[in-house]
Amino acid sequence: MPKIIELTDQIIARIRQAFEETMKNPTLTDGKFIFTQTAEVKDRKATVFFSEKAWIKMQALIREFSDEIAWHGVSFRNGEKDEYIITDILVYPQNVTGATVTTNQADYEKWLMELDDNTFNNLRMQGHSHVNMCVSPSAVDKALYDGIVERLESDMFYIFMIWNKKNERMVRIYDRAKNLFFDTKDIEIKILDGDVGLENFISNTKQIVKKAATVSYTYKNPYANTYFGYDDDDVIYGYGAMTSYSESKPQASEKTERKEYAKKYSNDLNGKDSNPQKAAVKKGRKVFK
């Protein structure tokens with residue numbers, strides 16, 4: 001469920017009323033009074049649409065770079081609907097490592113100044129890759145988000161994204177005009193069909209490509225409940241697949257049979273034979289000269 005960004009007078013009045021209702025008949029079992037009110041809005045979902053050009057460019061950045069890389073998106077709000085459209089992806093000057101992205105302030109400002117007014121005014125998306133790591137925002141990411149959201153004017157919105165090579169994503173939308181914050185679980189990603197027809201292609205493909213049923217196989221150990229080895233008085237040495245054992249000492253005939261079996265089995269495993277080809281034939285293998 002989306003959450004409230006800031007407390008308006010109307011929301012404060014509603015919370016105050018709920019607080020006063022809770023205060024009427026409190027039961028204090030430990031002398032403490034706790035009141036919690038979550039600022040959420042039920043039953044609202046947002047959709048982010050990518051143009052085919054923007055989607056292909058973003059996915060290419062995620063796929064082709066082995067280090068982190070960041071980008072801006074040219075974005076628009078679709079009227080009063082909870083819909084947002086990203087039409088293009090732009091990469092700004094940056095220095096990257098496998099886990100960080102930093103910018104030189106002078107280079108970044110110069111890049112911004114070279115943009116046309118329409119593009120500059122609609123840079124309302126910042127995304128970056130986490131390569132093969134999880135997509136949870138780092139402390140640096142969160143500080144960036146807080147700084148940008150704090151500077152948004154009352155009619156603005158901003159989209160943040162983190163992607164990795166597994167196609168996992170973190171998406172957040174802060175819409176000041178609606179006073180709402182949408183998180184990943186509240187947001188659907190779609191592609192607007194263009195010349196390529198990606199969304200239609202993917203939708204049709206999903207209808208004919210089915211996940212194969214999983215077939216499980218059971219292997220029964222032929223040597224279960226059998227022990228291979230030798231003994232020395234009360235101590236038994238060897239290897240095998242015993243599922244249970246008895247503390248009683250085996251009879252002499254049983255011990256002899258086990259020794260013979262273990263000897264033959266050991267020879268088979270180790271291929272002990274004066275003639276290697278003869279030994280191979282005994283094991284049922286063909287010999288090529």
Side-chain angles (χ1 to χ4, degrees), residues 1-7 36-63 65 67-91 96 98-101 122-152 156-192 198-199 202-203 206 211:
M1 293 180 288
K3 297 177 176 60
I4 300 299
I5 297 176
E6 64 178 336
L7 297 177
T36 303
Q37 183 77 16
T38 303
E40 293 182 332
V41 179
K42 296 182 179 179
D43 302 326
R44 286 185 73 167
K45 298 285 185 180
T47 304
V48 175
F49 293 93
F50 280 84
S51 70
E52 288 185 339
K53 178 175 72 172
W55 180 257
I56 291 171
K57 289 171 72 172
M58 186 182 73
Q59 292 300 320
L61 293 175
I62 297 167
R63 183 183 67 247
F65 283 81
D67 290 318
E68 285 200 6
I69 185 169
W71 57 85
H72 279 313
V74 180
S75 310
F76 302 87
R77 187 194 291 114
N78 186 15
E80 296 300 318
K81 298 180 180 179
D82 296 328
E83 297 178 350
Y84 306 83
I85 303 168
I86 300 173
T87 60
D88 200 3
I89 297 295
L90 305 177
V91 179
V96 302
T100 61
V101 174
N122 291 290
L123 286 183
R124 293 286 172 257
M125 180 270 217
Q126 197 276 346
H128 68 281
S129 68
H130 270 189
V131 196
N132 294 309
M133 298 184 293
C134 71
V135 293
S136 299
S138 66
V140 174
D141 295 331
K142 291 177 181 178
L144 172 67
Y145 301 167
D146 291 344
I148 292 177
V149 172
E150 188 176 340
R151 293 191 297 272
L152 291 179
M156 292 181 173
F157 71 92
Y158 211 92
I159 303 171
F160 298 100
M161 291 188 176
I162 301 176
W163 294 76
N164 65 16
K165 291 182 181 294
K166 298 178 184 177
N167 207 37
E168 296 169 336
R169 65 178 182 261
M170 186 287 309
V171 185
R172 292 183 179 182
I173 303 173
Y174 292 86
D175 195 325
R176 281 285 193 182
K178 299 174 182 177
N179 195 27
L180 288 179
F181 154 52
F182 295 91
D183 207 349
T184 306
K185 62 182 179 298
D186 308 314
I187 303 169
E188 186 176 7
I189 302 292
K190 291 187 176 182
I191 308 167
L192 293 171
L198 276 178
E199 184 73 17
I202 293 171
S203 177
K206 286 182 177 179
K211 187 174 179 62

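Here the structure is a predicted model, which is why all the values come from computation and not from measurement.
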- Message: Please report the interatomic distance CZ(Phe50) to CG(Leu192), rounded to the nearest 0.5 Å.
- Response: 10.5 Å
- Query: Can you find a heavy atom in the side chain of Val131 that is under 4.5 Å from one in the side chain of Lys165?
  - Reply: yes
- Any chance you could lay out the side-chain contact (heavy atoms from CB on, under 4.5 Å) test for Met133 and Glu68, step after step, and finish with the verdict? CA-CA 10 Å; Met133 298 184 293; Glu68 285 200 6; 3.8 Å; yes
- Message: Measuring only between side-chain heavy atoms, which start at C-beta, is Ile86 closer than 4.5 Å to Met161?
- Response: yes
- So does Lys190 have more than 12 non-hydrogen atoms from other groups sitting under 6.0 Å from NZ? no
- Query: Considering only heavy atoms from C-beta outward, does the side chain of Ser129 approach that of Leu61 to under 4.5 Å?
  - Reply: no
- Task: Compare all side-chain heavy atoms of Thr87 with those of Asn122 and state whether any distance is below 4.5 angstrom.
- Result: no
- Item | Glu80 bridged to Lys178 by N-O distance under 4.0 Å | no
- Can you tell me how far the CE atom of Met170 sits from the OG1 atom of Thr184, to the nearest 0.5 Å? 6.0 Å
- When every non-hydrogen atom of Ile69 is compared with those of Val96, the smallest separation belongs to CA-CG1, 4.4 Å
- Does the side chain of Val48 reach to within under 4.5 Å of the side chain of Met125, using non-hydrogen atoms? no
- Message: Tell me whether Glu168 contacts the main-chain N or O of Val135 through its side chain, where contact means a donor paired with an acceptor under 3.5 Å.
- Response: no
- Query: Which distance, rounded to the nearest 0.5 Å, do you find between the CD1 of Ile159 and the CG of Leu123?
  - Reply: 12.0 Å
- Task: Test Arg44 against every option in Asp175, Asp186, Asp82, Asp183 by the salt bridge (Lys or Arg N to Asp or Glu O under 4.0 Å) rule and name the one that passes.
- Result: Asp82
- Message: Within the 4.5 Å heavy-atom criterion, are Ile191 and Ile202 side-chain neighbours or not?
- Response: yes
- Would you check if the side chain of Ser136 reaches a backbone N or O of Cys134 as a donor-acceptor pair within less than 3.5 Å? no
- Item | Step-by-step side-chain contact (heavy atoms from CB on, under 4.5 Å) determination, Ile162 to His128 | CA-CA 5 Å; Ile162 301 176; His128 68 281; 3.4 Å; yes
- Are Tyr174 and Ile148 close enough that some pair of their side-chain heavy atoms sits under 4.5 Å apart? no
- Could you pull out the closest heavy-atom pair between Phe182 and Ile187, with the gap in Å? O-CD1, 3.6 Å
- Item | 4.5 Å side-chain heavy-atom contact, Trp55 and Ile189 | yes
- Roughly how far, to the nearest 0.5 Å, is the OG1 atom of Thr47 from the OH atom of Tyr84? 10.0 Å
- Message: Could you measure the distance from the CE atom of Met1 to the NZ atom of Lys45? Nearest 0.5 Å is fine.
- Response: 9.0 Å
- Query: Should we say atom NZ of Lys81 is surrounded by more than 12 heavy atoms from elsewhere, each under 6.0 Å from it?
  - Reply: no
- Task: Determine, stepwise, if the pair Tyr158 / Arg176 fulfils side-chain contact (heavy atoms from CB on, under 4.5 Å).
- Result: CA-CA 9 Å; Tyr158 211 92; Arg176 281 285 193 182; over 6 Å; no
- Rounded distance [0.5 Å steps], CZ in Phe157 versus CD1 in Ile5: 12.0 Å
- Query: Run the salt bridge (Lys or Arg N to Asp or Glu O under 4.0 Å) check on Asp88 and Lys57 step by step: do they pass?
  - Reply: CA-CA 8 Å; Asp88 200 3; Lys57 289 171 72 172; 2.8 Å; yes
- Query: Between the main-chain N or O of Ile89 and the side-chain N or O of Lys53, is there a donor-acceptor pair closer than 3.5 Å?
  - Reply: no
